[in-house]
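What follows is a set of notes on a single structure, which appears directly below.
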Amino acid sequence: MYDENVERVLISKESIEKRTAELAARITEEYRGKRLIMICVLTGAMVFFADLIRKIDLPIEVDTIVASSYGAGMTTSGSVRISKDIKYDISGKSVILVEDIIDTGVTLKTLTKMLATRAPESLKVCSLLDKPSRRKVDFEGDYVGFKIPDEFVVGYGLDYAEKYRNLPEVCTLKPQGK
Ligand code: IMP
Ligand code: MG
């Protein structure tokens, strides 16, 4: 699963597990008695989502959404659209959108704006990672696992050209590997 382009482990399996448990405990406390729908932003958040929801001690519902941004490569272009929508009606429900990383903020800003028009009771964002120094639009996650520096990372669901999603920890890539 590793190759010569993987540089070093940035966040270990143990740290991810501990932090995920902390976030799940907070969510469990804060959403008791609510009708909570957790939405996984595919594909990057799938590994984090699978671990997170199994630590939430509440009767939740789950759904998935796919956002695509025009233009390939390592950064998000200006325009984002929903290429696979959720199947549930979220009006009057409590919603947590789960993402792998907040980078420029464009994806989540767009997704939350679109979902907010459907009148959920509340809409929050949980992201495993956050690169605050890269922000192009004003956006803050509500539940954030780790703030990281401006380095391209892979593993634990995050990819480079669809590779490395199965690494069990978050790793950096060598600059020449990109
Ligand atoms: P944003 O719209 O710029 O915030 O981009 C968010 C998306 O960009 C994430 O869902 C990832 O798919 C991708 N992305 C941003 N930074 C990284 C990274 O360091 N590694 C892998 N994917 C990244
Ligand atoms: Mg993504």
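Atoms within each ligand, like the ligands themselves, are counted from 1 in listed order.
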Heavy-atom gap [X] to ligand 1 smaller than 4.0 Å:
{"X": "V80", "answer": "no"}
{"X": "K131", "answer": "yes"}
{"X": "I101", "answer": "yes"}
{"X": "G44", "answer": "no"}

Show the atoms of ligand 1 that are less than 4.0 angstrom away from any heavy atom in [X].
{"X": "E99", "result": "10 (O)"}
{"X": "D159", "result": "21 (C)"}
{"X": "T107", "result": "1 (P), 2 (O), 5 (O), 6 (C)"}
{"X": "V106", "result": "2 (O), 4 (O)"}

Quiz item: Are K84 and T64 close enough that a side-chain donor and a side-chain acceptor fall under 3.5 Å?
Solution: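 Distance-only check passes for K84 and T64.
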Quiz item: Between the side chains of E22 and Y143, does any donor sit under 3.5 Å from an acceptor?
Solution: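 Per modelled atom types, E22 and Y143 side chains form no pair under 3.5 Å.
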Self-check item: Contact summary for T117 and M114, nearest pair of heavy atoms
Solution: OG1-O, 2.6 Å
Quiz prompt | Nearest atoms (heavy-atom pairs only) where L108 meets E99 | solution = CD1-CG, 3.8 Å
Practice problem: Please work out whether any backbone atom (N, CA, C, O) or any side-chain heavy atom from C-beta onward of V154 is under 4.0 Å from ligand 1, and answer side chain, backbone, both or neither. | Solution: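 Within the 4.0 Å criterion, V154 makes no contact with ligand 1.
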Quiz item: Is it the side chain (CB and beyond), the backbone, both or neither of K136 that lies under 4.0 Å from ligand 1, heavy atoms counted?
Solution: neither
Quiz prompt | Criterion side-chain hydrogen bond (donor to acceptor under 3.5 Å, both in side chains) on N166 and Y156, from CA distance to verdict | solution = CA-CA 6 Å; N166 59 327; Y156 199 70; over 6 Å; no
Is the shortest heavy-atom distance from the side chain of [X] to the side chain of [Y] under 4.5 Å?
{"X": "L173", "Y": "E7", "result": "no"}
{"X": "E140", "Y": "R135", "result": "yes"}
{"X": "R35", "Y": "I60", "result": "no"}

Self-check item: Any N/O pair F152/ligand 1 closer than 3.5 Å
Solution: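 By distance alone, the answer is no.
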Quiz prompt | Short N or O distance, L158 and ligand 1, threshold 3.5 Å exclusive | solution = no
